[in-house]
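Reviewing the structure listed below.
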Amino acid sequence: MRVPNCMRNWEKDALTVIQSEGRYSVTLDDDAIIPRIIQKVLSLETRAFASISEFKKNFKKLNPTAVFVDIHLANGECGLDIIPDIKARWPEAPVIVLTADSNEFLVSQALANGADDFILKPIRPTELVARLATRKNEIDLRNSHTLLRFGDLVLDRRNKMLSGSKGQRFQSPREAEILAYMIQENGAVIQKANLRQRIWGDIVVNDNAIDRKLYEVRATLKDVSDRVEILSIYGQGVALRQRSFPHEPQNSESH
Amino acid sequence: MEPLIDSNVIQTIRELNAIQPEDSFSHELLNIFAKQSESIVENLIFAASVPDMRQLRLLAHRLKGAAANIGAKELSRRATAIENLISTSDFNAEELARAVHELAEIRHISMKSLRELL
């Protein structure tokens, strides 16, 4: 791997980890030099956007490993305004604010909006790598408790966002809880009584209400994934399973 | 006058260029900046003639950041000065026009230096 000579071993190692994800970074900056510098420093593809509207149009197609946001954009747009949306959509990606403005108020505003860090321009490669790697480690540690995975699904418990290979959908708190429980059981069959107890506790709910909720969770699942489904196993309960396809090894029970 | 060029930034760009010299990374950055800054300065001159304060502030800020990223330190400083001048509202049109005109000259001199260094 080619890296700038100014980088120390720790930074080179950190860069290797970032690159190993095989994704790309995204920049929101009206200065075309910035994405080129970031791309060169990180040796990672960078997708550049100059305005919030252009960025938002492409939201659904993107899944970056990191996002770099300039505060003052062309036409008076403020990059800080989009940060909550970025954090909700890509909770695993560090959001680093870049600006030439050293105003203290802006620093606190950026952090209050959810930015993970703040870099003053001009960009120093070692600082960029160090801050990105450090924030990534912090996020990974934090998300190990709030992000659950099953097949191609990623459930962000904090933001109630379910992501899969087909897209993303927000869920109601109850739906998110049901899915979290099923993911944590990792494909094991869950009896309805246990589901009732775990999700509703002392609240009295009948079977129809539970079935209705499962129906809603199934609908959300269908929107985001073709690979994961909820199976109802007669006389036993429900289970989250990965679908098997004709060319793949069998790994799920049938209805 | 402060140094025209930030040698630390130039050093950084040279190191990034050295990763893969065949990519001509430093020339690419220079060309991007040349186009950007030319357009910004043209628009600044027009905005100063109106005068359009909002545009002046936005453009000055853009140039401040762009110049800093390529190491054009004095140019960045002059853009900051215009940004600060506008925010005080305590200036006259002549002062503003002079500041913008000087900015254009500094840009021209900075481009020459940057081409020699990168």
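As the structure is a prediction and not an experimental result, all values here were calculated from the model. Below, chain A is the first sequence line, B the second, and so on; all start at residue 1.
Residue contact with chain A, scored on non-hydrogen atoms closer than 4.5 Å, is absent for Gln11(B). For a residue to count as touching a neighbouring chain, one of its non-hydrogen atoms must lie under 4.5 Å from one of that chain's; by this rule Phe25(B) touches chain A with the side chain only. The part of Asn75(A) that comes within reach of chain B is its backbone (N, CA, C, O), which places non-hydrogen atoms under 4.5 angstrom from that chain. When heavy atoms are compared at a cutoff of 4.5 Å, Arg54(B) approaches chain A solely by way of its side chain, counted from C-beta outward.
Counting heavy-atom neighbours within 6.0 Å of Phe118(A) CZ, excluding the residue itself, gives a total above 12. Other residues, nucleotides and ligands place no more than 12 heavy atoms under 6.0 Å from the NZ atom of Lys57(A).
Atom-to-atom distance recorded for Ile32(B):CD1 and Ile37(A):CD1 is 9.0 Å, nearest 0.5 angstrom. With rounding to the nearest 0.5 angstrom, the CD1 atom of Ile40(B) is 7.5 Å from the CG atom of Asp31(A). If you take CG on Asp70(A) and NE2 on His61(B), they are separated by 6.0 Å, rounding to the nearest 0.5 Å.
Nearest heavy-atom pair across Leu29(B) and Arg36(A) is CD2-CB, 3.9 Å. Heavy-atom minimum distance, Gly65(B) versus Ala100(A): CA-CB, 3.8 Å. Considering every non-hydrogen atom in both Asn69(B) and Pro122(A), the closest pair reads OD1-CA, 3.5 Å.
Interface check for chain A: of the options Glu28(B), Arg14(B), Arg57(B), Lys64(B), the most heavy-atom pairs under 4.5 Å are formed by Glu28(B). With respect to chain B, the highest number of heavy-atom pairs below 4.5 Å among Asp30(A), Thr99(A), Leu73(A), Ile123(A) belongs to Asp30(A).
Each of Ile13(B), Leu16(B), Asn17(B) was checked for a side chain to side chain contact (heavy atoms under 4.5 Å, CB included) with Lys40(A), and the lone residue meeting it is Leu16(B).
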